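These notes concern the structure reproduced below.
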Number of protein chains: 2
Amino acid sequence: MTGFDLDDFLPYQLAVAAARVSRGFADRYREEFGITIPEWRVLAHLSAAGAPVSVREIHARVDMDKSKVSRAAARLERAGLVAKAENAVDRRLVALTLTPAGAALVARIVPVALDWQAEMTARLGSAGDVAAFRRVLARVIEEA
Amino acid sequence: MTGFDLDDFLPYQLAVAAARVSRGFADRYREEFGITIPEWRVLAHLSAAGAPVSVREIHARVDMDKSKVSRAAARLERAGLVAKAENAVDRRLVALTLTPAGAALVARIVPVALDWQAEMTARLGSAGDVAAFRRVLARVIEEA
DNA sequence: GGATTATCGTTGCAGATGCAACGAAGTCAA
DNA sequence: TTGACTTCGTTGCATCTGCAACGATAATCC
């Protein structure tokens, strides 16, 4: 009637695609590793940083509200995967690090995540299309 | 350290991109038209259908939980944008239709949405890349 | 026809989320 | 040093969300 089809509308497509993928991932992370996606983001960033990291830094780096980071970190600490210390130089800051258990968990998750990604991209189309997809996706993140 | 970078991880990229785009859209819809994204989805589908539609159908067609559809429809009815009637054949079903005010609102929103989409895709890369992007995105939605 | 089973839309509830406000700590200027 | 201002992380609060349960209606089977 109006000539408008939600299925061809980019924000809708993006939201649906992200929701489906996130759901699949969240289910797997929960069943297999007992963590949520926000927790996974914190773990991943802690692992990549390799050094103590503040809540603020994760918040800025990983697209999560600082309260979300704070709560995820609290859960991870309770689970013994992350250690919270005080930054000696600036006592407002928290110094988050992976515990050995946390590092071990990340080591278990990473290959699973990479496999999942590889298998997924293989199903999505030609290598060229997937490369273009990722280029544009990165652009969306920059520009939006 | 682990060689794992969240920024290159597809589910993360998708989630971030969708969140940013949705946020921008939600702000604009709220300020300019006074509706939320779930409400917009219901309106758009009602407009495309052109005939009375059940909650069940929107739920199946538009990737929303049926409770979400139900609540969005209730708000839209309160706002006078949607009419709820009983399906005469199957009295379990609700028959949702746009009121004239609802149709008028959709007519105002659609050009804005299409403009937004056009402007956005123009900024995202070459026409070829964008086409590939949308191909792959559609594939993600099918497969995931 | 009557009983069982399935489907529809709504609602209660528990959990997650974003925002704002707060106390604690730091910075800076006079 | 003191006082105003900023930044950090946590928490209270209102809202949104998904799931399960429910009453109402319909379909199916005997």
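In this text, all values refer to a predicted model and were calculated from it rather than measured experimentally. Just the heavy atoms: all of them, side chains too, but no hydrogens, waters or symmetry mates, feed the values below. Order of the sequence lines fixes the chain letters, A, B, ..., with proteins taken first and strands second; residue numbering starts at 1 for each chain.
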- The single option from A:Leu124, A:Val130, A:Asp129 that satisfies side-chain contact (heavy atoms from CB on, under 4.5 Å) with B:Arg135 is A:Asp129
- Query: Of all heavy-atom pairs between B:Leu43 and B:Val82, which one has the smallest distance, and what is that distance?
  - Reply: CD2-CG2, 4.0 Å
- Hey, which of these two, B:Ser67 or A:Val89, hits DNA chain C nearer its 5' end, going by closest nucleotide? B:Ser67
- Quick one: label B:Ser54 by what it contacts on the DNA or RNA (base, sugar-phosphate, nothing), any heavy atom closer than 4.0 Å. sugar-phosphate
- Aromatic centroids of A:Tyr12 and B:Trp116 separated by under 6.0 Å: no
- Message: Expressed as a whole number of angstroms, how long is the span from B:Asn87:CG to D:dA27:P?
- Response: 11 Å
- Item | Working for side-chain contact (heavy atoms from CB on, under 4.5 Å), residues A:Phe9 and B:Phe25 | CA-CA 12 Å; A:Phe9 190 47; B:Phe25 239 75; 3.1 Å; yes
- Nucleotide nearest A:Arg23 when distance is taken to its side chain, options C:dT11, D:dC19, D:dT17: D:dC19
- Message: Over all strands shown, is A:Lys68 touching base, sugar-phosphate only, or nothing at heavy-atom distances under 4.0 angstrom?
- Response: sugar-phosphate
- Atom CD1 of A:Ile58 and atom C1' of D:dC8 are separated, to the nearest Å, by 13 Å
- On DNA chain D, check which nucleotide each of A:Arg71 and A:Val94 is closest to and give me the residue with the more 5' one. A:Val94
- Note on the structure: Atom CZ of A:Arg56 and atom P of D:dT10 are separated, to the nearest Å, by 14 Å
- Task: Using whole Å, report how far CZ of A:Arg91 lies from C1' of D:dT7.
- Result: 15 Å
- Query: Does B:Ser70 make a side-chain N or O approach to OP1 or OP2 of C:dT10 shorter than 4.0 Å?
  - Reply: yes
- Item | Separation of atom CD in B:Glu86 from atom C1' in C:dT10, rounded to whole Å | 15 Å
- Query: B:Ala44 and A:Leu6: which non-hydrogen atoms are nearest, and at how many Å?
  - Reply: CB-CD1, 4.0 Å
- Nearest whole angstrom, please: distance from the P of D:dC16 to the CZ of B:Arg30. 11 Å
- Message: Among C:dG18, C:dT10, D:dC8, which nucleotide has an atom closest to any side-chain atom of A:Leu93?
- Response: D:dC8
- Message: Heavy atoms only, 4.0 Å cut-off, all strands: where does A:Arg75 land among base, sugar-phosphate and nothing?
- Response: nothing
- Task: Specify the separation, in whole Å, of atom NZ of A:Lys66 and atom P of D:dT10.
- Result: 10 Å
- Note on the structure: Of the candidates D:dC19, C:dC19, D:dT17, the side chain of B:Asp65 sits closest to D:dC19
- Message: Of the listed nucleotides (D:dC19, D:dT6, D:dA26), which one gets closest to any side-chain atom of A:Arg92?
- Response: D:dT6
- Item | Nearest-angstrom distance from the residue atom CE of B:Met64 to P of C:dG9 | 13 Å
